[in-house]
Structure formats: structure tokens, C-alpha cells
Amino acid sequence: MSPNCVYPITSPLGKIVYPPKGKDNENNAPRQKRFLSRVKDLEVGHNAEAREEIEELFPEIEPFATPKPERLLKRIIQIATNEGDIVLDYFAGSGTTAAVAQKLKRK
């Protein structure tokens, strides 16, 4: 990268940073890296939380790789439906969608 193409970036805290040296190309852009261990205020959960939910309900079964947390499905169902509506989970993997829909008084 040519030195005249390097510009400083000021972080929200006022720290000035420069792009790393190396094999960066023109498609790279600064972005925030978030570590799961530091993210405590997610509204809808994450896969690790969903795996824990499944392990708690079914301790003898190994959860599949990408379960959806109940908080995520709750938020989706609340946004997209009203009480009494029918919620269809075409794949019905672990039944989490049906369980959450029932808790929210959906069919």
C-alpha cells in the first residue's frame, strides 16, 4: 500500500489508529470486532445459548450445530404475528419454534 493512501482513523474514544501493514487490499474497511464473551446485552441470544437450552431439556442428546435461541424466535414471532395466529415451522428441527409459539399463545 502506498504511504500516501494511508489515512488515520479516529475511534469513538478519540484514539487514532492506522490500517495494519501487510496484504490489505482496497476492499478492506475498518470494522468493530465483537467478542461473544463481552456481549452481554444481546436482545435475542446466540447459538451457544440455544445449545445450552437444548442440553438442559435433553441432556442425553447432542444438540445440532446451529440451534436458534428461544429469545430470537420469541422476538421474530412477536414482530410477525398476533395472539391466535398460526406459526408454521416448515423444518421443525428441535421444536423450539413450536414451543415458543405456544408460550406466546399462537397455534
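Numbers for residues simply follow the sequence, beginning at 1. Side-chain atoms are counted along with the backbone in the values below, which use heavy atoms only and exclude waters and symmetry mates.
- Here the closest heavy-atom approach between residue E55 and residue P63 is recorded as CG-CG, 3.4 Å.
- Under the 4.0 Å criterion applied to side-chain N and carboxylate O atoms, R51 and E62 are assigned as salt-bridge partners.
- Atom CD of Q78 sits in a crowded spot, with more than 12 heavy atoms from other residues, nucleotides or ligands closer than 6.0 Å.
- Across all their heavy atoms, L104 and E83 have their closest contact at O-CG, 3.8 Å.
- Side-chain atoms of T96 and E70, non-hydrogen and from C-beta on, do get closer than 4.5 Å to each other.
- No chain of hydrophobic side-chain contacts below 4.5 Å, direct or via other Ile, Leu, Val, Met, Phe, Trp or Tyr residues, connects V100 to V44.
- In this structure, G45 and P69 approach most closely via the heavy-atom pair C-CG, 3.8 Å.
- Residues L73 and D89 have side chains not in contact (no heavy-atom distance under 4.5 Å, counting atoms from C-beta outward).
- With hydrogens and angles disregarded, no donor-acceptor distance shorter than 3.5 Å links the side chain of K105 to the backbone of K103.
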Between R71 and E49, is a side-chain contact (heavy atoms from CB on, under 4.5 Å) present by the stated rule, with each step listed? CA-CA 10 Å; R71 290 190 296 158; E49 179 180 315; 2.6 Å; yes
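- A heavy-atom distance below 4.5 Å is not found between the side chains of I9 and I16.
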I would like to know whether I77 and R106 meet side-chain contact (heavy atoms from CB on, under 4.5 Å); could you show each step before the answer? CA-CA 9 Å; I77 292 170; R106 273 63 167 182; 3.8 Å; yes
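- In the displayed structure, I86 atom CD1 is contacted under 6.0 Å by at most 12 heavy atoms of other residues, nucleotides or ligands.
- Considering only heavy atoms from C-beta on, P67 stays 4.5 Å or farther from E53 through its side chain.
- Rounded to the nearest 0.5 angstrom, N47 CG and T66 OG1 are separated by 6.5 Å.
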